[in-house]
*Asks:* 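Structure provided below as structure tokens; questions to follow.
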Amino acid sequence: MADTNAPRYWTPEFVEEFVEALNTDETFQQTAGSFSNTIVLRCLDTPDGEDVSAAYTFQEGKVTDVDLWIDEAPSEAMRSDEFDSSEALARATAPYELWTKLDRGEIGVMKALSSSDYDIEGSMIRIMSNISVFRGMNEVASKVEKTY
């Protein structure tokens, strides 16, 4: 059972713990290796009635910056924001319900990628060549103590 003091998934407190976990998880660090790029994850319609965007910037496998954008859902500004492939490797967008299924292991990364509710933007060749980083991020997130 989840700790009632644990942060709720997709809150700033969760993001903070997630970054700490990414930077200290030995398996993820081996997987991430020299990965240096930005991955943007967006969650629509959180239980707080918000849309959340978190841009994770990696340098040599470590998260060095997170740009968090939270807006009332549905955020027209966030949802219409153009993806800039010069700023990030990829941007993944999904509703809260799908993110929780992914986090709980009810669906895998590849199944999420093929879901009509999951939108990924960026070069598919570059994304697939770095799929181990995406899988690793999901594995680390699933281990962070949280509530839903």
Side-chain angles (χ1 to χ4, degrees), residues 1-25 27-29 31-32 35 37-58 61-85 87-148:
M1 179 169 215
D3 178 0
T4 55
N5 292 323
R8 196 180 68 246
Y9 196 37
W10 278 97
T11 60
E13 295 80 14
F14 168 78
V15 170
E16 187 176 314
E17 291 196 21
F18 179 43
V19 168
E20 175 69 22
L22 287 169
N23 287 343
T24 58
D25 185 281
T27 303
F28 179 76
Q29 285 301 303
T31 298
F35 181 76
N37 214 316
T38 299
I39 295 175
V40 181
L41 304 178
R42 298 193 308 180
C43 180
L44 307 179
D45 301 313
T46 71
D48 288 332
E50 297 170 334
D51 288 345
V52 179
S53 174
Y56 297 91
T57 300
F58 290 85
K62 297 272 189 189
V63 178
T64 58
D65 187 50
V66 179
D67 183 16
L68 201 57
W69 176 12
I70 301 172
D71 203 3
E72 185 178 329
S75 171
E76 186 177 326
M78 187 181 298
R79 293 179 187 208
S80 65
D81 187 44
E82 291 289 323
F83 174 68
D84 184 350
S85 61
E87 300 266 327
L89 168 70
R91 180 170 73 181
T93 305
Y96 185 81
E97 182 179 317
L98 183 61
W99 284 114
T100 60
K101 286 180 181 178
L102 190 60
D103 190 68
R104 289 180 173 131
E106 295 170 10
I107 62 170
V109 171
M110 295 308 288
K111 178 129 179 157
L113 285 170
S114 64
S115 168
S116 61
D117 289 332
Y118 190 94
D119 183 37
I120 188 142
E121 299 164 279
S123 163
M124 278 304 144
I125 292 170
R126 292 183 63 216
I127 290 167
M128 295 313 287
S129 69
N130 289 286
I131 197 70
S132 61
V133 174
F134 287 87
R135 282 191 177 121
M137 288 178 74
N138 182 59
E139 288 171 20
V140 171
S142 70
K143 292 188 277 184
V144 173
E145 193 68 30
K146 71 185 87 53
T147 62
Y148 296 100

*Asks:* Evaluate the side-chain proximity of V15 to P12: yes if any heavy-atom separation is below 4.5 Å, no if none is.
*Replies:*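 No; the side chains remain at least 4.5 Å from each other.
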*Asks:* Check for a donor-acceptor pair, side chain of Q29 on one end and backbone N or O of L22 on the other, with a separation under 3.5 Å.
*Replies:* yes
*Asks:* Less than 4.5 Å apart, any side-chain heavy atom of E76 and any of D71?
*Replies:*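 No. Closest side-chain heavy atoms not under 4.5 Å.
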*Asks:* Heavy-atom distance under 4.5 Å between the side chains of S115 and L98, does that happen here?
*Replies:* yes
*Asks:* Does D81 come within less than 4.0 Å of R42, counting only side-chain N to carboxylate O?
*Replies:*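 A salt bridge is absent here (no side-chain N lies under 4.0 Å from a carboxylate O).
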*Asks:* In Å and rounded to the nearest 0.5 Å, what is the CG to CD distance from L102 to E97?
*Replies:*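 If we round to the nearest 0.5 Å, L102:CG and E97:CD are 12.5 Å apart.
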*Asks:* Name the residue from F18, F35, F134 that meets the ring-ring contact (aromatic ring centres under 6.0 Å, His included) definition with Y56.
*Replies:* F18
*Asks:* For K62, is the NZ atom crowded, meaning more than 12 foreign heavy atoms sit under 6.0 Å from it?
*Replies:*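 Yes, because the 6.0 Å sphere around NZ of K62 holds more than 12 heavy atoms from other groups.
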*Asks:* Could you check if a side-chain atom of D51 sits within less than 4.5 angstrom of a side-chain atom of I70, using non-hydrogen atoms only?
*Replies:* no
*Asks:* Atom CG of L44 and atom CG of D117: how far apart are they, to the nearest 0.5 Å?
*Replies:*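 Answer rounded to 0.5 Å: 10.0 Å.
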*Asks:* Give the minimum heavy-atom separation between F14 and P7, together with the two atoms involved.
*Replies:*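 Smallest heavy-atom distance, with atoms named: N-CB, 3.6 Å.
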*Asks:* Can you check whether L113 reaches I120 side chain to side chain, under 4.5 Å on heavy atoms?
*Replies:*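 A side-chain contact under 4.5 Å exists here.
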*Asks:* Donor-acceptor pair, distance only, cut-off 3.5 Å: does the side chain of Y96 make one with the backbone of Y148?
*Replies:*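 It does hold such a pair.
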*Asks:* Quick check: closest heavy atoms across N23 and V63, and the distance to 0.1 Å?
*Replies:* OD1-N, 2.7 Å
*Asks:* Go through the steps to decide whether M78 and V52 satisfy the test side-chain contact (heavy atoms from CB on, under 4.5 Å), and finish with yes or no.
*Replies:* CA-CA 8 Å; M78 187 181 298; V52 179; 5.7 Å; no
*Asks:* Over all heavy atoms of both residues, which pair between W10 and T46 is shortest? Give the atoms and the distance, please.
*Replies:*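 Closest heavy-atom pair between W10 and T46: CB-CG2, 4.4 Å.
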*Asks:* Roughly how far, to the nearest 0.5 Å, is the NZ atom of K111 from the NZ atom of K101?
*Replies:*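 Rounded to the nearest 0.5 Å, the NZ-NZ separation comes out at 9.5 Å.
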*Asks:* How long is the gap from CD on E87 to CD on E82, to the nearest 0.5 Å?
*Replies:*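 Atom-to-atom, E87:CD and E82:CD are 13.0 Å apart.
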*Asks:* If we ignore angles and hydrogens, is there a donor and acceptor under 3.5 Å between the side chains of T38 and T57?
*Replies:* yes
*Asks:* Could you tell me if the side chain of V40 sits less than 4.5 Å from the side chain of S53, heavy atoms only?
*Replies:* yes
*Asks:* What are the two closest non-hydrogen atoms of Y118 and A92, and how far apart are they?
*Replies:*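 Closest approach of Y118 to A92: OH-CB, 3.1 Å.
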*Asks:* Would you say T100 and Y9 make side-chain contact, with heavy atoms under 4.5 Å?
*Replies:*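 Answer yes - side chains close enough.
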*Asks:* Please table the atom pairs, donor to acceptor, closer than 3.5 Å between any side-chain atom in residues 135-144 and protein atoms at least two apart or in another chain.
*Replies:*
{"from": "S142", "atom 1": "OG", "to": "E139", "atom 2": "O", "distance (Å)": "2.7"}
{"from": "K143", "atom 1": "NZ", "to": "D25", "atom 2": "OD2", "distance (Å)": "3.0"}

*Asks:* Working to the nearest 0.5 Å, report the span between CG of D119 and CZ of R91.
*Replies:* 7.5 Å
*Asks:* Are N37 and R126 side-chain neighbours, meaning at least one heavy-atom pair lies under 4.5 Å?
*Replies:*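 In contact.
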*Asks:* Would you call K146-D103 a salt bridge at under 4.0 Å N-O?
*Replies:* yes
*Asks:* So, taking the atom named CG in L41 and the one named SG in C43, what distance separates them when rounded to the nearest 0.5 Å?
*Replies:* 9.5 Å
*Asks:* So which atom in A32 and which in G61 form the shortest heavy-atom distance, rounded to 0.1 Å?
*Replies:* CB-CA, 3.7 Å
*Asks:* Salt bridge (Lys or Arg N to Asp or Glu O under 4.0 Å) with D65: which residues, sequence neighbours excluded?
*Replies:* none
